[in-house]
Every structure is written in structure tokens, then in C-alpha cells.
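Below: the structure, in C-alpha cells.
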Number of protein chains: 2
Amino acid sequence: MAGKGPTSRDVAKRAGVSQATVSFVLNNIADARISEATKEKVWQAVRELDYHPNAAAQSLRRRAAGVIGFVIPDSRNPHFWQIAQGAEKRAAEAGYNVLLTSTDLEFARERLALESLKRQRVDALILQINFPGKLLPEVEGLRARGHPIIRIGRFSPELDGVVPDYGAGCTRLMAHLVSLGHHRIGFVFGTTSRGSVQTEVELGRGRLEAYQRAIAEYSLDGDTELLQHCGPLPEEAYEATRRLLALQPLPTAIISINDFLAIAVCKAVADTGLRIPHDISVAGFDDIPMARYLSPALTTVRAEAERLGGMAVEMVLARLKDASLPPQHVVLPTSLVVRTSTGVASVGTSMEANLAGSRLS
Amino acid sequence: MAGKGPTSRDVAKRAGVSQATVSFVLNNIADARISEATKEKVWQAVRELDYHPNAAAQSLRRRAAGVIGFVIPDSRNPHFWQIAQGAEKRAAEAGYNVLLTSTDLEFARERLALESLKRQRVDALILQINFPGKLLPEVEGLRARGHPIIRIGRFSPELDGVVPDYGAGCTRLMAHLVSLGHHRIGFVFGTTSRGSVQTEVELGRGRLEAYQRAIAEYSLDGDTELLQHCGPLPEEAYEATRRLLALQPLPTAIISINDFLAIAVCKAVADTGLRIPHDISVAGFDDIPMARYLSPALTTVRAEAERLGGMAVEMVLARLKDASLPPQHVVLPTSLVVRTSTGVASVGTSMEANLAGSRLS
DNA sequence: GATAGTAACTGATACGTATTAGCAACCCCT
DNA sequence: AGGGGTTGCTAATACGTATCAGTTACTATC
């Protein structure tokens, strides 16, 4: 059992040098001229003792933990994991660890992540804020104290941020659907998190606006019931879809705020006895890894999740290097991925199907 | 910018007490009798300064980081996130953070996790070892040094471990399929990780043995080609399924080593123009959260992922409390969840369909 | 042959906390 | 009145590292 492990002093003793020298060698400090022979002696001792520097001591001394905090809102949605993967990969290249936390849409856990920052367990935070009303002031206070904070999914004027261009993607998706003859398009808008309904309308706004713009531009059916708000859980999306499928006339296509919920949308459609895409087309956003393996394969707006995560880390690194930078806002492109869940509008349910058929994108 | 934050000494100064007193109050040390009045003064100062103890200093002093490392093999498989969620939840209750890492089946990243342990960035490690040949000796060395290490998914004699009883689950699944008249059952065995084919046959062995036992017991078709080995990626499972679907006669049911790959299995079946469960039944293992939302909803052997993660943390805590405990091996029960992806064996492809029809479980 | 300069190191210190040892003041007994 | 116990605190130290400010032992210079 002994002590937990050898220290740099143990290495020094074994190599017959001072502890300072060991530190110089390990960190490869150019200023301190150390002879090759000595370096070799030190490395030799390191190997013999299987020495590994104590992370806590280094953090304390360096005033930096080498850890980036990454907070995702929902551990069930594969999209966020992919973003986290991208972050972790880029972070590893830069020698950082990632402390990943999911808040699962609980306010208390979101605040907990900020604690980690204040306790300097992490040097920076990448997060998607779900409770901006309650948390934004606190977050901006932290930023003002000099902690790098990158917001994902939506911009704040004061914070660095990276956001996929879902608006443009949604526009392209709507054009695609219109070109297939769809005229009556439902939207399962699963964004309202529990508790804070009002503030949350901000989330997904780009998509919502693009949807409404398309309805106006192509003169599509604009029934307000075609837009179904719901929460972020599959069961809620399922219920929202049921409501859409109770409408008369039936929508010929349904888009979902993300692929994860689109799975539940498809389920609701299938359970109603309708076939995708023959009776109803379904599309989502994100292009989660399994989207292509669903049956039918899901048409979606790809968000390049890994790049998103990598970019967020990139922005952390930039800010760690120069804290005085003005807030950086990065928009990542999206692309429409057409698979088999979207098809020509069913004639049975939509009369004016090919009205806008000439409009291709 | 100033310094990064107030220290306990700043708090002491403001409250007009010594730094030691601050530490006593914050940690609620019963031995040190501190008057209520003083306690209040300290808490007041803490609030006024928004003081948060420095995690690195605490780790250094306490010789414990308050962090448990959790290593998952594949960030794409939702099952692992769910395990991690369970771990994080239980860890939070005990005041621990979880440092989550995915190796994505890369050897180097698996070793990196061990580094974290050696550097005492984490106090303990929970992992699913994918490269036992190369890594097991190292891992056992660490355990011998007194680091709690919990292995998930398979037991080592020397290591604590927690494993879902997939074998029993598989037995029940086979009984279920037999009761539906299935006689020719394929198995997509997606476990062979890249590089180390030989050693990996260990993984999933419980399921494999139960499968073979059932074949013997019920006198099912035992063609060796019904067992298709493949890697852990959806595309590989897809190909393996294609191979199964090229067999003559066709299997009437296919089981997949896990739900995640079962999605690709379903896709391959659908792409071949066969319907589930009408033409072919499909079942998986784990019961990932989206399994019930797939179309058709997936029949599966539930593994209680969250409990698994929680249990692993529990074992970490137990070992941190008493390092001299003998190795603990915990088997978690599994249960068969019948949904709509399994049904009566198609008569067209299987002649002896209802031979074993009386055998229900 | 004294001075300056450099290469190659070492000693000492601080990072912020937890904890041990100790000290002053008070109270209670006899 | 003086010893022993208790209450309520403080001073000092160590955790393991990075780094600043020396300190040798040499070599080069005039």
C-alpha cells in the first residue's frame, strides 16, 4: 500500500540530482540548460520508478487544471455525445482532459457545473444553457471574472459561442419537401424544457423562423396546429405527433426538432398505421449516427456534431491564450441529407400536392 | 482579472478568524469546537466573497481527488451512456465527480485512462477492458498498488467486477423465440474488436453459450453459419446480417449481441425487402432507451444499465473504505422485454414452425 | 592572472488547503 | 487559592510541483 506513488523527489534521489532538475527535464524547459547525460539519468529513474506527476500538485502550482468542462443537456440524445466526442478528441490533441456532465435538464445539475469552474476543477466550460433566465447572469459573471465559457447552440452577446446554422438547413429541408409536393407540413417542436416555458422559445428559433418563412413563401398550409410544441422527451414527441395525426386533413410531412425525437415521431406514425414515406414523410435535424440505420433511413439536416465540439474546444484554447479577445461567434454550416424517410407527398391526403412542384433547391 | 478567486485565508481575514478556523467550519469538523457565533461569521464571509475551495489544493492535501474515472468502449452505443448516467448519479450522491472517457475501441486511449489513475487525477477507475491481453497485467498491477478498479462486463479473478446476467437473459430469449415457433435462429455476434481478434472471444461468451445450449436443448438448426461474427460497428453488423439473409433456408429470427447493432440488423432485413416480425423476428440485448421507440419496437433482454453503473460506483466506494476486501463479483439480473419485433415464425421459411410451440417460459 | 561570462545545476519558496499540536481563558472542585 | 478540565480558538506545517534566485566549476578574454 505504502504511499500512493513515487514523487519527483524520489526520482531526483534515484537519479542523483535535485528535484528542481527533475522538473526541468520533465517539462523540457529550454532556459534551464541541462546536459543530455543528466536528462537521460532522470528519464531512466522515471522509467524505473514508473513515476507519474501528481495532477493535483501540478494544478495547484500551475494554477490550471488541464481540464475542460463540457456540459450537455440530455444524456439520451446521441447528438450531444457526438459533440462531446468531437470536443474530447480536439482537447486530447491539446493535452486537455474533458470533464463531461449531463444535466438531464435539471436546473440544479446545471448550476453544479458552474461550481466546478469556481473551484477551478476545470479551466473552462463549454455548455448549452437551458435555463438562461436563472443562469445567464451568473454565467456572465464568471466570464467577467476571466473564466473562458463557450456557449453552444445559441449566442449571447457577451459570451463566445458556436451554433450550427439550423435555420439555413431548415430552409433547404422545407424546399426539399415542397419539391416533393408537400403542402401541409407539421413540426414537432420539442424544446420547452420543464419549468421555464417562456424563456425557452429562444431555443430552436432559427428552425422555427425558417419553417414559418417557408410556409409564407410557398403559400403552404399555415394552421397553427401544425406547429406542435412539446418537451424534449421521446414520449412527449410521441404525443405531439399523435396530435398532428389527429388533424384533418392529415399533414403529409412532419419535421422534428431533432433526430432523436424523430425516432418517436416515426413510431407514432407507424403506430397509427401509416407508412413512411408512402403516407407521411418524416425528417429531423442533427444527423445522429444511427439516423442512416433507422428503417426507413432518416432524411435530416446534418449538423457536423464532431466539428462543433472540436470548434468549441478551439475557442476555449483561443480564449485561454488571450482573454481580452472580443466575444467570438461562430456559425457552422449544415447540409441536407436526403434519405428514404421523405418521399413524394401522398395524393390521398393532400390535394394541392404539386402546386409548388417546380420549385427545386 | 486579479487572482482567480478568494482563498480560505481571504475568508479568514474577512471574518476575523484564522484560516484553520475557516477550514474547520467549512468541513464541519466536530472535534474542533467552534462557537455558533464564529461559524456564522465565517459563513457570512464565505457568502460575501463567493468563496469556493480550490479543488486542486484539496486533492493535494487530502490525497484524494473526489473523482471517479469511467471508461466506456464506444461512444456511439447508448447503452454505455446509460450506464455512465447511473454511475454519475450514484457518484454525485456520494460527493464524487465522474470523469468520463470513451476509448472508441482505440488501444491508446484505453491506456490513457490508466494514466489518469496513476496521476491521481481520479481516485478509482471503472472500465470495460477491450484489450485484456495487453492491458490486464497493467491494470492488475495498479490494483495491487491499492487503486480501486472495477471491471464491467466480465470478471477477472483479481478485480472487482459487475456483470449483467446476459446468459440467463439469452436463455429466456431463446425460449421465447422457440415458443413462437422459431427453429432457425441467426446470431449477429458483434464483439471482435479490431486488432485483437483472438482474446476477444471472451466478450459476450455468456450469450454465446446460452445460444448454443438452447440450440442443443431444443434441437434447433445448428448451422455454423447461423453464428456470424463481426465487429462492433453498425456497418459490420449490417454486413453480417446480409450474410445471414443469404443463407438457404432463411433464418426466421435473428438475435443481435446488443440493441445498438440490432438497429443495423433491422435495417439490413428491411433493405432486403423482408418485414419484421412478419418474415423475420429480431431481438437484441440491453434495452437501450430508444428500443421501445424503434419501428417495430425492439424485443430485448434488459440489462438495467443505470443500476449497473450505480453498482459499479457502489463497489468503488466500498473498496475506498476498505482496500483489503477480497475481490467482489456482482451479477445483475436481466429480464426479457417482449415487444413487437418478435412474432410467430414465418411458415414460408420454416417448416417445423410449431414443433416446440408448447414450450413457453 | 584577475575578470567576466557561461553551462549546469541546486536551494528555497509558494500555490491553497487540512490537520496536528498547542495556548489562553474560563469554569468547577476541593 | 490552586490544580485539572473544558471551550474556543491559532500557529505552524506538509501535501508535490514549478520556478526564481542563486551557486558552483569551468572556459574565454584582455
Side-chain angles (χ1 to χ4, degrees), chain A residues 2-43 45-46 49-67 95 116 118-121 123, chain B residues 2-43 45-46 49-67 95 116 118-121 123:
Chain A
K4 271 296 178 160
T7 72
S8 61
R9 213 159 245 117
D10 297 330
V11 174
K13 196 169 294 175
R14 179 157 197 123
V17 299
S18 74
Q19 180 268 331
T21 300
V22 172
S23 178
F24 288 140
V25 172
L26 289 175
N27 296 357
N28 207 14
I29 303 293
D31 288 5
R33 298 291 322 168
I34 308 285
S35 70
E36 286 305 320
T38 304
K39 281 185 185 173
E40 190 37 55
K41 270 193 301 182
V42 169
W43 283 117
V46 164
L49 295 173
D50 191 26
Y51 165 78
H52 292 260
N54 180 299
Q58 286 186 319
S59 296
L60 181 58
R61 179 61 231 230
R62 291 182 169 149
R63 306 173 138 272
V67 179
S116 278
K118 291 186 192 163
R119 303 190 50 175
Q120 301 173 55
R121 190 184 282 292
D123 301 328
Chain B
K4 272 295 177 155
T7 72
S8 61
R9 215 160 243 117
D10 297 330
V11 173
K13 196 169 294 174
R14 177 157 199 125
V17 299
S18 74
Q19 180 267 332
T21 302
V22 173
S23 178
F24 287 140
V25 172
L26 289 175
N27 295 351
N28 206 16
I29 303 294
D31 288 5
R33 297 290 325 167
I34 308 283
S35 70
E36 285 306 320
T38 304
K39 279 185 185 172
E40 190 39 54
K41 270 194 301 180
V42 170
W43 282 116
V46 164
L49 294 174
D50 191 26
Y51 165 78
H52 293 259
N54 180 298
Q58 286 187 319
S59 297
L60 181 58
R61 181 61 234 234
R62 291 180 169 152
R63 307 171 137 273
V67 179
S116 275
K118 290 186 192 164
R119 302 191 50 177
Q120 302 173 53
R121 186 185 285 292
D123 300 329

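Lettering of chains follows the sequences in order, A, B, ..., and the numbering in each one begins at 1.
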Can you give me the bend angle of the helix from C/dG1-D/dC30 to C/dT30-D/dA1? Use the axis through the first five pairs and the one through the last five, nearest 10 degrees. 60°
Under the side-chain hydrogen bond (donor to acceptor under 3.5 Å, both in side chains) rule, collect the residues that match up with A/Q120, sequence neighbours excluded. none
Chain A contact limits on DNA chain D, taken 5' to 3' with a cut-off of 4.0 angstrom to heavy atoms: D/dG16 to D/dC20
Report the residues that fulfil side-chain hydrogen bond (donor to acceptor under 3.5 Å, both in side chains) with B/R119, sequence neighbours left out, ordered by chain and then residue number. A/Q58
Residues which pass salt bridge (charged side-chain N to carboxylate O under 4.0 Å, His left out) with B/R14, listed by chain and number, not counting sequence neighbours: B/E48
Which residues in residues 27-35 of chain A have a heavy atom closer than 4.0 Å to any atom of DNA chain D? A/N27
Apply salt bridge (charged side-chain N to carboxylate O under 4.0 Å, His left out) to B/K118 and list each qualifying residue two or more places apart in sequence or on a separate chain. A/D50, B/E138
With side chain to side chain donor-acceptor pair (under 3.5 Å) as the rule and sequence neighbours excluded, what pairs involving residues 21-34 of chain B come up? B/S18-B/T21
For residues 18-30 of chain B, the salt bridge (charged side-chain N to carboxylate O under 4.0 Å, His left out) pairs (sequence neighbours left out) are none
When you measure from every atom of DNA chain C, which of residues 50-58 of chain B have a heavy atom less than 4.0 Å away? B/Y51, B/P53, B/N54, B/A57, B/Q58
By a strict heavy-atom criterion of less than 4.0 Å, which residues belonging to residues 10-21 of chain B are in contact with DNA chain C? B/Q19, B/A20
Taking only nitrogen or oxygen atoms into account, show me every contact under 3.5 Å that the protein makes with nucleotides 25-28 of chain C, one pair per line with its distance.
none

